[in-house]
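Counting begins at 1 with the first residue of the sequence.
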Amino acid sequence: MTSNTAPAAPKMNKFERFKAEKDGLAVLPELPQFAQIGWEAMDETDLTQRLKWVGLFFRPVTPGKFMLRMRMPNGILSGGQMRVLAEVIQRYGEDGYADITTRQNIQLRGIRIEDIPDIFNRFQHAGLTSVQSGMDNVRNITGSPVAGLDADELIDTRGLVRKVQDMITNNSQGNPAFTNLPRKFNIAIAGGRDNSVHAEINDIAFVPAYKEGTLGFNVLVGGFFSAKRCAPAISMNVWVDHSQVVDISEAILIVYRDNGSRANRHQARMMWLIEEWGVERFRAAVEEQMGVTLQTAAERDEFDWDKRDHIGVHTQKQPGLNFVGLHVPVGRLYANDMFEFARMAEVYGSGEVRLTVEQNVIIPNIPDSRLDSFLEEPLLEVFSINPDPLARALVSCTGNQFCKFALIETKNRAVALIDELEDELEVPKPVRFHWTGCPNSCGQPQVADIGLMGTKTRKEGKTVEAVDLFMGGKVGKDAVLGEKIQKAIPCDELKDVLKDILIQQFGAQPRSTPRPSKGTARLARQRSLQGAVSQNGFAPPTPVVPAVEPPAPAPASTSAPAAQPAVVQFAASGKEINCDDSQSLLEIAEAAGVEIESSCQSGTCGTCIAKLMEGEFQYEADPDGLAGEDAASGHILTCIAHPVGKVVLDA
């Protein structure tokens with residue numbers, strides 16, 4: 001623990017300081033050296049932060065086993081590229097697998113730093129890249145998963161998405177012009193009528209619209225999710241034709257790069273700059289950067305369909321061809337799955353594989369003559385083309401199995417809970433469930449019919465895993481973000497809460513007949529069918545086992561320091577608690593019935609802020625979520641702060 005009183009605010013937050021010292025992209029030529037010396041010998045900031053600029057994420061939960069985030073513009077890759085990714089994770093056995101993300105790309109898990117030079121060499125030969133896929137960079141650029149296939153699409157955006165990525169990454173070689181944004185940045189380019197890209201949650205979204213009979217794009221800006229705030233994108237009052245998409249993307253990035261806040265990371269996303277300036281000033285700055293006067297937005301856009309999930313068999317606009325969408329439970333893939341997808345894409349289609357923001361897979365360009373044979377493939381017993389209603393739209397982030405920010409286990413829990421609900425209820429239509437392990441909202445609970453965000457709560461005197469419940473998210477035309485309607489539901493009570501919601505609001509009924517025992521109905525069964533080819537699979541979360549009686553205490557020289565007595569006084573509520581320093585101030589407050597807003601419980605979101613009026617404390621982790629100005633005014637993060645002696649909080 002590091003001892004603290006109320007510290008003075010630095011001029012730059014710690015992220016801006018390390019970026020100023022050394023650009024994240026500078027680690028690219030150092031990767032061979034890192035592979036030789038191993039992760040334990042690396043500079044800590046290179047290891048935990050700068051590697052993200054090349055897509056490598058050190059996972060404290062699994063030290064030495066990295067996550068590698070790819071870039072896949074528009075979610076499109078070839079069968080050969082999928083095979084390369086499968087070969088990469090295959091070498092790691094049970095540690096190696098892949099997750100499809102909510103930004104149409106793939107994250108590989110179990111990666112070892114010593115293998116990175118060989119892996120990156122394979123990527124270069126296969127036309128793959130992971131450059132600038134993490135930290136304060138533009139993330140994977142999303143587009144319609146059926147671009148070029150959909151008979152009703154307005155614009156085939158595949159080329160535009162590729163051109164924007166090439167501009168940002170210097171054709172995947174790395175582009176220092178855009179490696180130091182104030183915060184992460186998301187771009188989506190839509191060409192269809194159903195808002196398949198979730199335009200409303202992107203920093204820049206191009207939405208198809210006609211202006212004086214010419215088809216182009218209205219431009220939305222500023223959409224984002226964060227631990228402290230979520231905001232939908234707003235109109236920039238700009239319409240552009242397809243030839244201006246790359247130029248305006250570059251100009252917006254430059255304006256944001258040069259003017260966005262670098263003091264408070266909680267107020268550094270682009271929407272904060274837009275709100276500080278106003279849309280007109282922001283628009284004028286972009287016009288000045290481009291050297292043109294932009295046209296005002298078209299009166300209406302062409303988003304006029306409900307959102308489609310593309311699961312199942314669909315005819316393409318090309319006569320005699322079809323695309324098939326396969327449901328991948330919470331996006332989890334193993335090497336054998338990926339080899340099979342590559343084979344099937346090459347045998348039955350054109351060798352192309354596509355990913356969706358719902359974490360599913362599409363194989364396009366399957367001729368009518370091969371469709372029946374395709375549908376007989378054993379892989380469709382694992383990845384259904386007709387999943388049950390609750391399973392169909394289930395999305396989940398990684399959870400605390402691998403992510404240090406996640407407060408709960410998500411993927412396995414989501415799968416197990418949906419199976420139980422499907423066993424007990426008949427649901428007339430799909431219900432979109434999104435799980436996210438923490439307030440950073442990687443699982444996007446705000447866009448779901450039912451969104452579940454991980455948190456902690458107290459139950460019977462103990463801290464337990466729980467969720468905040470979001471409802472009302474709407475996608476497609478007239479998209480809106482859902483609202484938090486209930487806080488801190490213990491996970492062991494969640495099934496009954498969800499059953500009531502499904503019955504009362506979604507028309508579900510208790511099952512009158514048992515659920516089918518065969519087929520592809522159950523998510524857990526879909527994974528267990530792979531037993532012959534993969535030892536990995538989904539399983540319900542490991543039950544909590546009562547602790548074994550501990551052995552006799554070790555000698556004092558090797559035992560942990562004994563808890564020290566403390567007193568915490570809550571000035572606003574008038575309560576004074578005799579306690580010790582083994583619990584955080586937030587836990588002490590919750591036990592005393594003193595309400596302090598909280599979310600991440602790891603010092604990253606900044607929600608549990610309180611003013612320290614008197615006394616000292618110790619942090620158990622870095623207070624990443626504490627803004628400089630808040631620290632300067634004597635505020636602390638109670639979720640990771642422990643009392644030293646007597647402490648007085650304004651709570």
Side-chain angles (χ1 to χ4, degrees), residues 55 68-86 88 98-108 123-133 138-151 153-169 171-172 186-192 194 196-198 202 206 242 245-246 308-311 314 316-318 321-326 328 331 333 337-366 383:
L68 178 55
R69 178 183 293 155
M70 307 303 299
R71 295 193 73 96
M72 293 177 177
N74 218 115
I76 298 174
L77 68 162
S78 69
Q81 290 172 328
M82 180 69 89
R83 189 173 291 107
V84 168
L85 298 177
V88 167
D99 287 327
I100 304 171
T101 79
T102 55
R103 292 207 65 81
Q104 285 183 294
N105 65 343
I106 285 178
Q107 297 179 163
L108 308 179
F123 286 175
Q124 185 175 6
H125 285 91
L128 291 164
T129 185
S130 62
V131 71
Q132 292 173 240
S133 61
V138 180
R139 305 302 176 85
N140 198 54
I141 302 169
T142 58
S144 168
V146 291
L149 310 175
D150 181 8
E153 78 176 345
L154 299 163
I155 307 173
D156 181 350
T157 58
R158 289 175 295 174
L160 288 174
V161 171
R162 169 60 71 175
K163 287 178 181 178
V164 173
Q165 170 165 301
D166 288 346
M167 176 270 294
I168 291 166
T169 66
N171 299 304
S172 301
N186 291 322
I187 299 175
I189 306 177
D194 67 342
S196 62
V197 298
H198 292 170
N202 285 269
F206 294 94
H242 68 90
V245 167
V246 176
R308 300 168 292 172
D309 63 16
H310 307 295
I311 295 173
H314 304 268
Q316 295 179 196
K317 64 182 179 182
Q318 296 85 1
L321 294 181
N322 308 271
F323 68 86
V324 179
L326 297 94
V328 180
L333 295 173
D337 304 329
M338 299 164 77
F339 283 127
E340 279 297 282
F341 276 128
R343 179 188 66 82
M344 290 169 65
E346 292 168 346
V347 169
Y348 297 101
S350 59
E352 185 175 89
V353 179
R354 300 192 180 198
L355 312 175
T356 78
V357 297
E358 291 83 20
Q359 302 178 307
N360 296 317
V361 168
I362 293 171
I363 296 182
N365 302 313
I366 302 173
F383 303 118

Let's go through Phe206 and Val245 carefully: what are the C-alpha distance in whole Å and the side-chain angles of both, what is the deciding distance for side chain to side chain contact (heavy atoms under 4.5 Å, CB included) to 0.1 Å, and is it a yes or a no?
CA-CA 8 Å; Phe206 294 94; Val245 167; 3.9 Å; yes
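- With a 6.0 Å radius and a threshold of 12 heavy atoms from other residues, nucleotides or ligands, Gln318 has its CD atom above the threshold.
- Qualifying salt bridge (Lys or Arg N to Asp or Glu O under 4.0 Å) partners for Arg139, counting only residues two or more places apart in sequence or in other chains: none.
- A distance of 7.0 Å separates CZ of Phe323 from CD of Gln316, quoted to the nearest 0.5 Å.
- Between the side chain of Arg158 and the main chain of Asn74, no donor-acceptor pair closer than 3.5 Å is present.
- In terms of modelled atom types and a separation under 3.5 Å, the side chain of Asn365 and the main chain of Ser350 share no donor-acceptor contact.
- Although no hydrogens or angles enter the test, the distance criterion places no donor-acceptor pair under 3.5 Å between the side chain of Glu352 and the main chain of Ile76.
- Between the side chain of Asn105 and the backbone N or O of Met72, no donor-acceptor pair lies under 3.5 Å.
- Side-chain N or O atoms of Asn322 include one that pairs as donor or acceptor with a backbone N or O of Ile366 at under 3.5 Å.
- A salt bridge does not link Asp156 to Lys317: none of the charged nitrogens lies less than 4.0 Å from a carboxylate oxygen.
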Determine, step by step, whether Arg103 and Arg69 satisfy the side chain to side chain contact (heavy atoms under 4.5 Å, CB included) criterion, reporting the C-alpha distance in whole Å, the side-chain angles of both residues, the deciding distance to 0.1 Å, and the verdict.
CA-CA 11 Å; Arg103 292 207 65 81; Arg69 178 183 293 155; over 6 Å; no
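- For the pair Leu77 and Leu355, the minimum side-chain heavy-atom distance is below 4.5 Å.
- Ser144 places no side-chain N or O within donor-acceptor distance of the main-chain N or O of Gly192, the cut-off being under 3.5 Å.
- Partners of His242 according to the ring-ring contact (aromatic ring centres under 6.0 Å, His included) rule, which considers only residues two or more places apart in sequence or in another chain, do not exist here.
- In this structure, Gln104 contributes its side chain and Gly143 its backbone to a donor-acceptor pair below 3.5 Å.
- At distances below 3.5 Å, at least one donor-acceptor pair connects side-chain atoms of Gln359 with backbone N or O atoms of Ile100.
- Side-chain N or O atoms of Arg354 include none that pairs as donor or acceptor with a backbone N or O of Ile362 at under 3.5 Å.
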